[in-house]
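Just so we're clear, the structure is a prediction, and the values are computed from it rather than from any experiment.
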Amino acid sequence: MNETSKYSVNVTHETFETIVLLAPPEQVVIVDFWAPWCGPCKTLGPLLEKVAADYAGKVLIAKINVDENQELAAAFRIQSIPALKVFQNGELIADRVGAMPESQIRQLIDAALPGPSGGLLEEAQALLENGNISEAETMVKKLMEEDSSNPEVLLAMAEIHCKKGDFEAAAELAQRIEEGTPEYDLAKAFLDRHWFLERCQANGGKETCEAAVQKDENDLDALFNWGCCLAADGDFETALQTLLSIVSKNKNYKDGLAKETMVRIFGIIGQRSEISDRYRQKLSLLLY
């Protein structure tokens, strides 16, 4: 075995089991099938090593030269290179063929890495759901100290800040989650949902906005504020119904704000969800 870098090693048939299958359970091993004559391999190899270094020992790149290790290449049915096989705790959990950008490599690694140690994140989320914000925050802060870039931890801390009413801090954390990570869509949905929270709070909160609608059901501003409160509270269907009623009364309300806000909700609940499909159709009927 020859060391190529701190987090990358050359692997042969003789060392495959020790390095790949018997790696520590907390470590992800990416087996890189390559050859000296492969152009894309020359680009992907150094990029893999660069990304692995950022994970400080949690990721190991196991490089297999297919020309020198044809038995291993045949065992894994390698027909095109570069080819990646991802192992965790001795099991093959993912594979990819061809070159890929850094963001996709990180996404592949993040999906394979075990969650935060000791299940602290899951415990913190359970505490948060039960209203124990202070205890949940203490746990998540510990996780932030261990890995301040973990997107799951960033989302958890963002939710805690939001529960405490610090929307600016919550948004700052969610914005740190990079595009290409598995949590990116969740972070975007989080930011959109808390866009509604900010607007609800800015107009006096849920009770105040509801009272304004009860006072005058034709007050479009009151309806819009109430719709934002409903969305912030997770009642997306009623929020869509409320916003749709604004469009039915005034298609161009504030330069299409009601329509744009409905589209924002579609993004939160899923563009192709049953509710999104239904209200998108209703919106189209009103507009066109």
Minimum heavy-atom distance [X]-[Y], with the two atoms named:
X	Y	answer
Ala112	Val86	CB-CG1, 4.0 Å
Ser245	Leu223	OG-CD1, 4.0 Å
Leu173	Ala158	CD1-N, 3.7 Å
Asp67	Pro36	OD2-CD, 4.1 Å
Phe33	Val31	CE1-CG1, 3.5 Å
Ala35	Val66	CB-CG2, 3.9 Å

Test of understanding: clusters of I, L, V, M, F, W, Y form through side-chain heavy atoms closer than 4.5 Å, transitively. Do [X] and [Y] belong to the same one?
X	Y	result
Trp34	Ile30	no
Trp226	Leu197	no
Leu240	Ile268	yes
Phe87	Ile81	yes

Could you check if a side-chain atom of [X] sits within less than 4.5 angstrom of a side-chain atom of [Y], using non-hydrogen atoms only?
X	Y	answer
Met262	Leu244	yes
Met144	Leu154	yes
Ile78	Lys85	yes
Thr208	Asn203	no

- Taken to the nearest 0.5 Å, the spacing of Leu128 CG from Lys163 NZ works out to 5.5 Å

- Could you grab the distance from atom NZ of Lys188 to atom CD1 of Ile177, nearest 0.5 Å is fine? 13.5 Å

Tabulate below the donor-acceptor pairs under 3.5 Å that side-chain atoms of residues 228-238 make, not counting sequence neighbours, or state none.
from: Asp233; atom 1: OD2; to: Lys206; atom 2: NZ; distance (Å): 2.7
from: Asp235; atom 1: OD1; to: Thr238; atom 2: N; distance (Å): 3.4
from: Asp235; atom 1: OD1; to: Thr238; atom 2: OG1; distance (Å): 2.9
from: Asp235; atom 1: OD2; to: Thr238; atom 2: OG1; distance (Å): 3.0
from: Glu237; atom 1: OE2; to: Arg278; atom 2: NH1; distance (Å): 2.9
from: Glu237; atom 1: OE2; to: Arg278; atom 2: NH2; distance (Å): 3.1

- Candidate pair Glu145 and Lys141, rule salt bridge (Lys or Arg N to Asp or Glu O under 4.0 Å), full reasoning: CA-CA 6 Å; Glu145 290 172 2; Lys141 279 182 177 179; over 6 Å; no

Please check this pair: side chain of [X] against backbone of [Y], looking for a donor-acceptor N/O pair closer than 3.5 Å.
X	Y	answer
Thr261	Leu257	yes
Arg199	Trp195	yes
Glu17	Leu22	no
Asp216	Ala212	no

- Apply side chain to side chain contact (heavy atoms under 4.5 Å, CB included) to the pair Leu243 and Ile265, showing each step before the final yes or no. CA-CA 10 Å; Leu243 293 166; Ile265 293 177; 3.8 Å; yes

- Message: If you count every heavy atom of other residues, nucleotides or ligands that lies below 6.0 Å from Glu102 atom CD, does the total exceed 12?
- Response: yes

